[in-house]
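Take a look at the structure set out below.
Just so it is clear, the structure is predicted and the values come from calculations on it, not from any experiment. Proteins get letters first, then strands, A, B, ... in listed order; numbering begins at 1 in each.
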Protein chains: 2
Amino acid sequence: MTPVEELRYLILAAQREGNRRLGQALRPLGITPAQAEVLRLLEDRQPLTLSGLGELLVCESGTNPSRLVDRLVSSGLVDRVPGEQDRRQVELSLTPTGKRLARKVAGIEDELHRMLQSAGSAREIATVVGFLRTLVDGQPAGEALALRRD
Amino acid sequence: MTPVEELRYLILAAQREGNRRLGQALRPLGITPAQAEVLRLLEDRQPLTLSGLGELLVCESGTNPSRLVDRLVSSGLVDRVPGEQDRRQVELSLTPTGKRLARKVAGIEDELHRMLQSAGSAREIATVVGFLRTLVDGQPAGEALALRRD
DNA sequence: CATCACTAGATGTCGTGTCATGTATTGGTC
DNA sequence: GACCAATACATGACACGACATCTAGTGATG
């Protein structure tokens, strides 16, 4: 197997394992990794419209996340109200329960981050970040991240 | 956003974009990235049992890929016959059509690999590969890759 | 030979993830 | 003010991806 072929599968493997770990850690909270990303984004930037949220999500990039939000609304974690001056839009914000859960999610993410941190030196991590940035630059998922870096 | 938090999302973003690109390139062939992985594995290592295949797959690691194989069988790309001496097992191999398709898949993957190659120097790629290896080491998706490196 | 834990695979369920299409609302153009 | 392209969101369809459970076949133990 060539180094790049291995790299292709390593990216897949790393994403899968990260998601599996995060999913297990989130399970007691009754939410999934994708739902967690929405909660954390709303925590920092609410209120957001559906498409505004969609631009910032790395999971579900390119599509509108209406079904993802659906479940959060029916779980009572997110409020979805029609837009004031544009009735096509919806305005999303966290319910009190959602806000509480978002705080717990942040703690769980920190555990994952410590694990990531310990997988390499700061120099190595910087190299990996730089490499992956050039990889996703200019594509939907990359743009979502670029918006969030600011 | 801390570097590790960005890294976490970059891994997700890179996987998503890679999968999207590969999916678009494979669409004319009528198969998906996950199906392509099966075809390429069988091309190199047929015959395989279902669990043998499962151990080598990075996508669908940990679970048995019976439904993934189902679709390949009904598309006429894979043969699935009961095991000779153990009737619990099934023996998977490529049909002639499947073999032809696997060759085309290899060409499409090469395009992706060239794109990956051009995203960084050989040194950088080696660093990224090393980092991701330690990340997935010891977990199902990592073990699948380790088996395939030999 | 009967029993029974174990294994290989199939299947149910739920939540994405992606592409395509449908529908209501808006704002510009005549 | 009627028309119409564009926008925001919803929804249909299909294939995963992960977990749990089920079923049939196997082999070790007595």
Identify, with sequence neighbours excluded, every residue that meets side-chain hydrogen bond (donor to acceptor under 3.5 Å, both in side chains) alongside A:Arg80.
A:Asp70
If the condition is side-chain hydrogen bond (donor to acceptor under 3.5 Å, both in side chains), which residues does B:Arg27 pass it with, not counting sequence neighbours?
none
Taking only the side-chain heavy atoms of A:Glu60 (C-beta and beyond), determine which of D:dG25, C:dA10, C:dG17 contains the nearest atom.
C:dG17
For the side chain of A:Asn64, counting heavy atoms from C-beta on, which of D:dA24, D:dC9, C:dA10 is nearest?
D:dC9
Which pairs count as salt bridge (Lys or Arg N to Asp or Glu O under 4.0 Å) when at least one residue sits in residues 94-109 of chain A, sequence neighbours excluded?
A:Arg40-A:Glu109, A:Glu43-A:Arg103, A:Glu109-B:Arg8
Between D:dA24, C:dT25, C:dT13, which nucleotide has the shortest distance from any of its atoms to the side chain of A:Arg87?
C:dT25
With sugar-phosphate meaning primed atoms plus P, OP1 and OP2, does B:Gln85 contact a base, only sugar-phosphate, or nothing at under 4.0 Å between heavy atoms?
sugar-phosphate
Under the side-chain hydrogen bond (donor to acceptor under 3.5 Å, both in side chains) rule, collect the residues that match up with B:Arg123, sequence neighbours excluded.
none
Interface with DNA chain D, restricted to residues 8-33 of chain A and to heavy atoms under 4.0 Å:
A:Arg16, A:Arg20, A:Gln24, A:Arg27
Need one value for A:Asp86: base, sugar-phosphate or nothing, where a base atom within 4.0 Å counts as base even if backbone is also close, heavy atoms only.
sugar-phosphate
How long is the gap from CZ on A:Arg149 to CE on B:Met1, to the nearest 0.5 Å?
7.0 Å
Once rounded to the nearest 0.5 Å, what's the spacing between atom CD of A:Glu124 and atom CG of B:Leu132?
10.5 Å
Measuring from the side chain of B:Arg67 (C-beta onward, heavy atoms only), which nucleotide among D:dG25, D:dA18, C:dA10 has the closest atom?
D:dA18
Do you know which of B:Leu56, B:Leu72, B:Leu53 makes side-chain contact (heavy atoms from CB on, under 4.5 Å) with B:Pro65?
B:Leu53
Under 4.0 Å from any atom of DNA chain D, heavy atoms only: list the residues of residues 45-53 of chain A that qualify, in numerical order.
A:Thr49, A:Leu50, A:Ser51
